[in-house]
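To find a chain, count down the sequence lines: A is the first, B the second, and so on, and within it residues start at 1. Note: hydrogens, waters and symmetry copies are ignored here, and every other heavy atom, side chains too, is used. Note that the structure is a prediction, hence the values are computed from the model and not measured.
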There are 2 protein chains.
Amino acid sequence: MTATPGFGNNLVYLSALIQRRFTQVCADHDLTNAQAQLLCLVKDRPHGMSELGRLLGLAKPGMTGLVDRTERRGLVQRGSSEHDRRACTVSSTPLGKRIGDALYADVAARLPDIADHLPPADRQLLEELVAAVIATTSGPCRADDLPER
Amino acid sequence: MTATPGFGNNLVYLSALIQRRFTQVCADHDLTNAQAQLLCLVKDRPHGMSELGRLLGLAKPGMTGLVDRTERRGLVQRGSSEHDRRACTVSSTPLGKRIGDALYADVAARLPDIADHLPPADRQLLEELVAAVIATTSGPCRADDLPER
DNA sequence: TATTGTTATACTCTATAACTATA
DNA sequence: TATAGTTATAGAGTATAACAATA
């Protein structure tokens, strides 16, 4: 039971606000949301395709397409795995690393805008609570892995 | 300046969590995210196309396509405006109203899951802060309307 | 046999440009 | 001329099914 009426729907609304702001920041770096999130994941170290699919909530064909498009733009590259010749890793190119770092910094600078109208104390609380929700929630995963109703 | 390091990127991460949970709830009602949001807007009263585009952050051709697809499924219908023969209104069909109401209730019931791991007092605070952010933020709008960097 | 990733296919979503009809 | 909405076109994202190569 939730005390605040409409909390669930408020979350969806809040998510739309964040998403729209994020899309705008991505566009300023000439990135789509999906390519931006991929880049942020691989900019510091390579990841396997399956791992990325799990983190991004994408099935295998979705990952293939996303990496295809991002690789075509010269931002990431596929490499072969050490121990499994079926697998491949995705890492950032120098250009991708630069753009990924710039995007990450810009997100940190501009996304907090959405809480600008809160009093400082409330905003501080919100920052802590958001961090707590993220910390206590198992990371993004396939929709299939989330609990049923 | 933000006190909590990574607040901006935490917001993007939180948004992804919410979005994924919402997509799952929509899918259980056989709706896409965009169709679900359209339905929730028109289920109680008709809206004009331009107004919907502004609320959903969609340009005119995007609205035409979304309403086309949703109308094809029998969930909404176009009507003609009283005073302007260029304009049209979008309202829900009885089926669309039923599905929209059910979706809305299900979102209210299931989205709060993401805060389940918070202590009750923190969760209550989060509910209030989310409501405050939404209340103080001008509603969803075209990305063009958001402040530049 | 099971798993990794790709290909094929289809549909939704979103953007821009050009257009029609009305104001 | 300006506005409401549509059509045309294109690319991105996401899903399922079938497949190839490797484990």
Side-chain angles (χ1 to χ4, degrees), chain A residues 16 19-20 22-24 26-39 46-73 75-90 140-145, chain B residues 16 19-20 22-24 26-39 46-73 75-90 140-145:
Chain A
Q19 213 60 54
R20 214 161 291 175
F22 179 58
T23 296
Q24 187 186 23
C26 291
D28 287 343
H29 293 262
D30 199 26
L31 291 171
T32 66
N33 283 21
Q35 290 175 18
Q37 300 201 69
L38 171 62
L39 207 48
H47 290 258
M49 292 285 281
S50 311
E51 189 185 5
L52 290 171
R54 190 170 43 74
L55 292 169
L56 293 170
L58 288 178
K60 289 186 292 182
M63 275 310 308
T64 296
L66 177 57
V67 171
D68 281 352
R69 291 184 295 272
T70 314
E71 191 171 36
R72 207 178 299 139
R73 296 185 48 184
L75 305 179
V76 300
Q77 58 200 348
R78 284 177 169 90
S80 41
S81 163
E82 301 274 310
H83 305 301
D84 188 337
R85 276 162 42 202
R86 293 169 304 180
C88 70
T89 62
V90 182
C141 49
R142 292 302 314 283
D144 313 335
D145 301 334
Chain B
Q19 212 60 54
R20 215 161 291 176
F22 180 59
T23 296
Q24 187 186 24
C26 291
D28 287 343
H29 294 261
D30 200 25
L31 291 170
T32 65
N33 284 22
Q35 290 176 17
Q37 301 201 67
L38 172 61
L39 207 48
H47 290 258
M49 292 284 281
S50 310
E51 190 185 1
L52 290 171
R54 191 171 41 75
L55 291 169
L56 293 169
L58 286 178
K60 289 187 292 184
M63 275 310 308
T64 296
L66 177 58
V67 171
D68 281 352
R69 289 184 297 272
T70 315
E71 191 171 35
R72 207 178 298 138
R73 296 185 48 184
L75 304 179
V76 301
Q77 57 198 348
R78 284 178 169 88
S80 41
S81 164
E82 302 274 310
H83 305 301
D84 187 337
R85 278 163 41 203
R86 293 169 304 180
C88 71
T89 61
V90 182
C141 50
R142 294 300 316 283
D144 314 335
D145 301 334

In whole angstroms, the gap separating C1' of D/dG5 from CG of B/Leu56 amounts to 16 Å
What is the distance, rounded to the nearest whole Å, between atom CE of A/Met63 and atom P of D/dT16?
16 Å
Separation of A/Leu52 atom CG from C/dG5 atom C1', in whole Å?
13 Å
Using atom CD of A/Glu71 as one end and atom P of C/dG5 as the other, report the distance to the nearest whole Å.
14 Å
With sugar-phosphate meaning primed atoms plus P, OP1 and OP2, does A/Ser50 contact a base, only sugar-phosphate, or nothing at under 4.0 Å between heavy atoms?
sugar-phosphate
How close or far is atom C1' of C/dT12 from atom CG of A/Asn33, stated in whole angstroms?
16 Å
All salt bridge (charged side-chain N to carboxylate O under 4.0 Å, His left out) counterparts of B/Arg78, not counting sequence neighbours
B/Asp68, B/Glu71
Proximal nucleotide (of C/dA15, D/dG13, C/dG5) relative to the A/Gln35 side chain
D/dG13
Please tell me which of B/Asp68 and A/Thr32 maps to the more 5' nucleotide of DNA chain D, matching each residue to the nucleotide holding its nearest heavy atom.
B/Asp68
Figure out the CG/P separation between B/Leu75 and C/dT12, and round it to whole Å.
12 Å
Among D/dG13, C/dT12, D/dA4, which nucleotide has an atom closest to any side-chain atom of B/Ala87?
D/dA4
Nearest-angstrom distance from the residue atom CD of B/Glu51 to P of D/dT3
18 Å
Would you give a per-nucleotide map of nucleotides 17-23 of chain C, 5' to 3', where B means the base has a protein non-hydrogen atom under 4.0 Å away, S means only the sugar-phosphate does, and - means neither?
B---BBS
Result of checking B/His29, B/Arg69, B/Arg73 against B/Gln35 for side chain to side chain donor-acceptor pair (under 3.5 Å):
B/Arg73
Whole angstrom is fine here: how far is it from CG in B/Leu31 over to P in D/dA15?
16 Å
If you assign each of B/Thr23 and B/Arg78 to its closest nucleotide in DNA chain D, which residue comes earlier from the 5' end?
B/Arg78
